[in-house]
Amino acid sequence: MTRPPRLPAVVRDPSLPERVTIYEVGARDGLQNESGLVPTDVKVELVHRLVAAGLPVVEATSFVHPRWVPQLADAAEVVARLDLEGPVPLPVLVPNERGLDRALEAGCRHVAVFASATQTFAERNLNSSLDAQMEMFGPVVRRAREAGADVRAYVSMCFGDPWEGPVDPGQVVRVGRQLLDLGASQLSLGDTIGVGTAAQVGSLVDAFAAAGTGVERLAMHFHDTYGQALANAYAALRAGVTTLDASVGGLGGCPYAESATGNLATEDLVWMLDGLGIEHGVDLDALVATSTWMAGHLGRPSPSAVVRALSGGPG
Ligand code: HMG
Ligand code: MG
């Protein structure tokens, strides 16, 4: 009987980065979109498993309004059971000062704000506007840094918006640079609804470079709605991006953008990076076992092709 290969053949392309940081968002972006409530115990175990699988950063939850995202209303209970002082950063989303207060009280050392590149999504996701979102984030970033926390900043709808259509890269750069000027350490550029294609990725990196922002400040965050996430991740590598967001088993979406489905699956990304000989430090078998365990809790299989191919277990 033949067995499916558990590792790809490796062909190193010297024009690509040698090492990539995988920023795991499954416990946050993945679970915020679940129709049912995932028990706190399962969320905590998910984060523990992801850390044990070697993920270098594991986003844990969100301190957003519990009425807006009831799926993550147990944020304080989740982080109370995590090792926030450990070697693996466990960032949490905070939209405003109330969210920051809750995160700091809970002992969080890494937070992320999340802006929109478009007016409509700023209204829908943050009950705000393009300008007002920056007024909201200004004191959050300042106070977080004064408290010694690192601040990442997301920009959503960087490649297209379900209400406004294609998004001008200039608009993304404007919002992104405002966030860096406020003091964010890294920008994660989100294809929230997964409509982007590969050449757009390089153009966006070029647009930031032309405005004076180097690629080392940029991460990319792809959703797989149209099956483009892995191709876009490859385009990001070609453009020199060395931090890629991904979600275990391809969980994910955004409750305020109905056309958003799952994120780039971490397993699919790891398989590609392995084939390209790019270091990442993640144990693929442990990740697949985690997705299979999670699928048991969610009652449906992972959409990841790599999880499907490997979920028979080693050997
Ligand atoms: P609002 O209703 O305008 O809030 O919501 P407000 O400032 O008017 O306050 C109203 C009440 O809510 C007040 O209480 C506040 O204290 C309370 P009251 O005085 O009436 O008793 N409140 C809070 N309570 C707990 N935690 C908080 C909080 N803030 C206010 N943080 C708000 C504005 C921003 C809070 C709301 O719109 C919100 O929570 N939005 C979050 C939506 C969300 O989580 N979306 C998904 C994450 S983004 C994403 O997935 C995209 C990403 O993955 C990248 C990509 O894919 O592109 C990151
Ligand atoms: Mg997302």
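Note that these values count all heavy atoms, side chains included, but never hydrogens, waters or copies made by symmetry. Indexing begins at 1, ligand by ligand and atom by atom, following the structure's order. Along the sequence shown, the residues carry numbers beginning at 1. Keep in mind that this is a model prediction, so the values were computed, not measured.
- Under a 4.0 Å heavy-atom criterion, C158 is not in contact with ligand 1.
- Of the residues T192, D161, D168, the one that meets the side-chain hydrogen bond (donor to acceptor under 3.5 Å, both in side chains) test with T118 is D161.
- Residue H221 approaches ligand 1 through these ligand atoms, each under 4.0 Å from one of its heavy atoms: 53 (O), 54 (C), 55 (C), 56 (O).
- Considering backbone and side-chain N/O atoms, D191 never comes within less than 3.5 Å of an N/O atom of ligand 1.
- Those atoms of ligand 1 that come under 4.0 Å of a heavy atom in R102, given as number and element, are 25 (C), 26 (N), 27 (C).
- Contacts between S156 and ligand 1 below 4.0 angstrom, taking non-hydrogen atoms only, involve backbone and side chain alike.
- Ion pair R145/D150 not flagged as a salt bridge, since none of the NZ, NE, NH1 or NH2 atoms sits closer than 4.0 Å to an Asp/Glu carboxylate oxygen.
- Within the structure, side-chain hydrogen bond (donor to acceptor under 3.5 Å, both in side chains) pairs that include any residue of residues 270-281 comprise R19-E279, D274-H280 (at least two apart or interchain).
- With a 4.0 Å heavy-atom cut-off, ligand 1 is reached by the backbone of N125 and by its side chain too.
- Because its NZ or CZ atom is not both nearer than 6.0 Å to the ring centre of F137 and within 45° of the ring axis, R142 does not count as a cation-pi partner of that residue.
- Looking at S62 against ligand 1, nothing comes within 4.0 Å, counting heavy atoms.
- The option with the heavy atom closest to atom 46 (C) of ligand 1, from among Q32, R28, R124, is Q32.
- Heavy-atom proximity to L126, at under 4.0 Å, picks out these atoms of ligand 1: 33 (C), 34 (C), 37 (O).
- Under a 4.0 Å criterion applied to the non-hydrogen atoms of P66, ligand 1 contributes the atoms 25 (C).
- Rounding to the nearest 0.5 angstrom, the gap separating the OG1 atom in T61 from the CZ atom in R28 is 9.5 Å.
- Each of S247, S291, S311, S302 was compared with E267 under the side-chain hydrogen bond (donor to acceptor under 3.5 Å, both in side chains) criterion, and only S291 meets it.
- Residue nearest to atom 27 (C) of ligand 1, selected from R98, H223, Q133, Q71: R98 (by heavy-atom distance).
- Where the criterion is an N or O separation shorter than 3.5 Å, residue side chain and backbone included, M157 fails it with respect to ligand 1.
- Note on D29: its N/O/S atom closest to the Mg ion (ligand 2) is OD2.
- At a 4.0 Å heavy-atom cut-off, ligand 1 does not touch R67 at all.
- Both the backbone and the side chain of T192 come within contact range of ligand 1, each with a heavy atom under 4.0 Å.
- Look at D245 and the Mg ion (ligand 2): no N/O/S atom of the residue is under 2.8 Å from the metal.
- Shown in contact with G99 at under 4.0 Å from a heavy atom are these atoms of ligand 1, numbered in order with element: 31 (N).
- The structure places CG of L218 at 9.5 Å from OG1 of T242, a figure rounded to the nearest 0.5 Å.
- For the residue pair D131 / S129, no side-chain donor-acceptor distance below 3.5 Å is found, with atom types taken as modelled.
- Contact annotation: for D29 versus ligand 1, heavy atoms closer than 4.0 Å belong to the side chain alone.
- When each atom of ligand 1 is checked for a heavy atom of P95 under 4.0 Å away, the hits are 31 (N), 34 (C).
- Comparing F121, F63, W68 by heavy-atom distance to atom 37 (O) of ligand 1, the nearest is W68.
- The shortest N or O to N or O distance between Y154 and ligand 1 is not below 3.5 Å.
- At a threshold of 4.5 Å between non-hydrogen side-chain atoms, the residues V141 and V111 do not count as touching.
- The atoms of ligand 1 that sit less than 4.0 Å from any heavy atom of V69 are 43 (C), 44 (O).
- Atom CG in D83 sits 7.5 Å away from atom CG in L90 (nearest 0.5 Å).
- Between R81 and E77 there is no salt bridge, since none of the side-chain N atoms of the basic residue sits less than 4.0 Å from a carboxylate O of the acidic one.
- Rounding to the nearest 0.5 Å places CD of Q178 at 11.0 Å from CG of L187.
- Sorted by first and then second residue, the pairs that involve residues 209-221 and meet side-chain hydrogen bond (donor to acceptor under 3.5 Å, both in side chains), not counting sequence neighbours, are D29-H221, R177-T213, H221-H223, H221-D245, H221-N263.
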